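Below is one structure, written out as structure tokens; comments come after it.
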Amino acid sequence: MIILGINDTHDASACLIIDGELKVAIQEERFTRFKNIASLPVNSIKYILKKFKLKKNDIDLICFATKELHNLNLWNIPGNFSTDDWRKLQEEYYYPTIYKKKNIKIRDLFPKYKPSVKLGYPLKKIPFSASTGSRVQKNKLLKLRIDTIVKLTKIKKEKIKFYDHHLCHAMYGYYLSNNNNNKNKKTIIVTADGGGDRCYNTISLMDKGKFKVIYKGRDNLIGVIYEAITLLLNMNPTRHAYKVMGLAPYASEYQKKIARKVFMDCLKVKGTKFVRSKNLIDYYHYFKERLKYLRFDGIAGGLQDFVEIRLVEWFENISKKYNCKNFVFSGGVANNIKANKALIEKKFINSFFVPPGPGDESLSIGASFAGIYYLIGSKKMKNYIKPLHNAYWGDEIDEKNFEKFKSNNFFKNNFKIKKDLDLKITAKALAKGNIIFFCNGKMEFGQRALGHRSILSDPSKLAQVNKINETIKLRDFWMPFTPSILSEDLKKYVINEKNIDTNYMTMSFDSTIIAQKHFKAAIHPYDQTIRPQSVSKKTCPSYYKLIKEFKKITGIGGLLNTSLNIHDKPIIRQPMDILSEILKSDFTKINYIFVNGYLFEKITKT
């Protein structure tokens, strides 16, 4: 059975499952080179159809995530809007609409707006409005989605299915988890995000292979509040929530206690539901007024405290009500690694899993799992989905692209090339304090680089942080880097008493004393927490080999690893992206680049 999965809201993606095995999953932004693309992922779909030589009769089912799409999403607002645009939307549209009952058209506020990249749907047929529209308009949009994919794939309409947004989050999280390997293990799947299909949160139960949605609601406002505060702190709400989380530990109790109370008063937990304050009419202006005299770090710290406290209360009540200590957490809020850390430290949790890319980028995979589940039934589903042990689901290095990369005059004039299949030369260069662009094998899926499209460095050299930030990434000074660690050395560096999955950098832990020495540059500089990737020979043989060689030289069982991209650009897909986006920028300075067995070393000119 061949299933094509599609997410056509923000962070658009497509995937292919053949006979229960995930063959490929890829995000549209990697092709368009614009982050957070919201539209039909045409390039991703075309890539999949071509690579697997699929014809219309080969595909058994096309599974779309999300039944009702927001009009502005399809205009790629999440990918295109700047911080100033989002602020204008709040100040000049939502404030007068909500508080003064004025009738304002968004097009009047943004008369010249147009997406920065060609999108998959004909925008002339989609209203530029803040609502999902009337039932008639919703049906027209659904028809547009069907007609467009039929035109692209030539598949029959009867083979196209749509699945609930949060159902897709839940299905993805569960079937990626280790609990899927133990089919009789009772598991609670919790989802929470900034909204999808008129819902912010769900609680589902998987017991003996049978899936059941227990609760679905719009009461968990944590996701939308976090986005609003990100904007109030003058950062992009669709891209920079993680920066607020990284800033939070720097806040003192004195600075954050007032902000924390503001947040705690606006949303409380009652049983397995959330109850909002009657005064919380919107999620931006409410906080703008109440936080206007507070410092930025105090706001970030108070917000993060609030998130952790409320999520712990919620999960504990869920655990008690349904008598279950095994959890899977999916949806955008699950990206909050600090909150995940607070949860796993509680006694009411035995097992806890957050999948790679738990946000909307993975909805295409969740939709595919949902389609299979409802097509073949729970009994057959138990053993149908093949276990997944890594997230290298993207495309391989294209040979033609690599040859074009090698033969480019920029490299001929500035770099010498060495074959390094055993990775010993590369390991020596890292041990000498060099930063290396590492592009190898199949591309990772999700927001985290996992050693196939990464910038690597010696994690013990603190000076590397500023060097990477100032000459490559242009990151904010407070943001921590992360380590990739040999699986056999994990206990040496990470305090993980419950053996929580660490393959995907979706969890945070306390670090050991030796980790604070070996990974000075790859842990949070203030609270010393660590967001590790465990690297084993089975899951990633080449990356494992590199770290092993580095350890032989330095005695350190890990590397500093950050994504191979510059600020606000997607992770690179192919070698030529390195040249066009990173190396030709005015600020980038790099001496070593590794691509598929070859190390490029910059020529020292006298």
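Since this is a predicted model, take the numbers as computed values, not measurements. Any value given below was found using the heavy atoms of this structure, including those in side chains, with hydrogens, waters and symmetry copies removed.
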Mind checking salt bridge (charged side-chain N to carboxylate O under 4.0 Å, His left out) for D58 and listing every partner two or more places apart, or none if nothing turns up? none
N336/Y226 under side-chain contact (heavy atoms from CB on, under 4.5 Å): CA gap, chis, key distance, verdict: CA-CA 10 Å; N336 194 308; Y226 218 101; 3.6 Å; yes
Testing P356, S177, S368 for side-chain contact (heavy atoms from CB on, under 4.5 Å) with Y172, which one passes? P356
Is the number of heavy atoms from other residues, nucleotides or ligands within 6.0 Å of NZ (K140) greater than 12? no
With L430, which of L559, D458, I435 fulfils side-chain contact (heavy atoms from CB on, under 4.5 Å)? L559
Looking at N434 and Y592, would you say the former's side chain and the latter's main chain have a donor-acceptor pair under 3.5 Å? no
Side-chain donor-acceptor pair present, T191, H169, cut-off under 3.5 Å: no
Under 3.5 Å, side chain of T482 to main-chain N/O of N561, donor-acceptor pair present? yes
For K88, is the NZ atom crowded, meaning more than 12 foreign heavy atoms sit under 6.0 Å from it? yes
Given the ring of W75, does R107 sit roughly above its face, with NZ or CZ under 6.0 Å from the centre of the six-membered ring and within 45° of the axis? yes
Rounding to 0.5 Å, atoms CZ (R448) and CG (N335) come to a distance of 6.0 Å
Assess, by modelled atom type and distance only, whether the side chains of H10 and N76 contain a donor and an acceptor separated by less than 3.5 Å. no
Run the ring pair (Phe, Tyr, Trp, His ring centres under 6.0 Å) check on F110 and F81 step by step: do they pass? CA-CA 11 Å; F110 301 95; F81 260 26; 4.8 Å; yes
To the nearest 0.5 Å, atom CE of M507 lies from atom CD1 of I337 at 9.0 Å
Test: K412 cationic atom under 6.0 Å from F415 six-membered ring centre, within 45° of axis: no
